[in-house]
Amino acid sequence: MNLTLWITAGLLAAVALGSGITKTFVPQQKLAAAPGGRWTGQVGAGFVKTLGVLEILAAAGLILPAVLDIAPIVVPVT
C-alpha cells in the first residue's frame, strides 16, 4: 500500500509540477496557441501565472510532508 501511495503521489506531483512550470514560465501567447491551451488567451496573464504557482505548490505539498516526516497523513488525504 505504501509503494502504491508513493507511485501515485509521485505521478500526480510530476504532472502538477510540469503543468505549473509551463503556466508560470511560458508566455501566454504561446500557451494560447498550444493544443488545449486556447482558454489561456481568454483570461488574464496574472491568473494563468497564479494557477501555475499554485500547481507548483501542490506538487510540493504532495511530496514534502511524507519526505520530511512532517504531518505525513496529509499525503493520502491530498
Side-chain angles (χ1 to χ4, degrees):
M1 183 68 172
N2 197 21
L3 180 63
T4 305
L5 173 65
W6 273 107
I7 291 170
T8 304
L11 289 173
L12 286 172
V15 169
L17 184 64
S19 176
I21 288 172
T22 301
K23 287 181 185 136
T24 304
F25 298 111
V26 174
Q28 187 177 10
Q29 294 81 13
K30 193 170 182 181
L31 284 174
R38 190 169 52 177
W39 67 271
T40 59
Q42 301 168 355
V43 296
F47 179 73
V48 175
K49 297 225 182 282
T50 301
L51 283 180
V53 170
L54 290 174
E55 287 178 353
I56 292 170
L57 291 174
L62 278 168
I63 300 298
L64 289 180
V67 169
L68 299 176
D69 201 29
I70 299 172
I73 192 66
V74 173
V75 176
V77 171
T78 303

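All values derive from a computational prediction rather than experimental measurement.
Closest heavy-atom contact between A45 and Q28: CB-OE1, 3.2 Å. Summarising the geometry of A59 relative to A16, their closest heavy-atom pair is CB-CB, 4.1 Å, with the distance given to 0.1 Å. Among all heavy-atom pairs drawn from W6 and V67, the shortest one is CH2-CG2, 3.6 Å.
For S19, the side chain to side chain contact (heavy atoms under 4.5 Å, CB included) partners are K23, E55, not counting sequence neighbours.
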Cut-off 3.5 Å, no hydrogens considered: what does the side-chain donor-acceptor table look like for residues 8-15, sequence neighbours left out?
residue : atom : partner : partner atom : Å
T8      : OG1  : T4      : O            : 2.8

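Other members of the hydrophobic cluster containing L51, listed by chain and number, are V26, L31, W39, V43, F47, V48; membership follows side-chain contacts under 4.5 Å among ILVMFWY residues, whether direct or relayed.
The line from CG of L17 to CG of L57 is 10.5 Å long, rounded to the nearest 0.5 Å.
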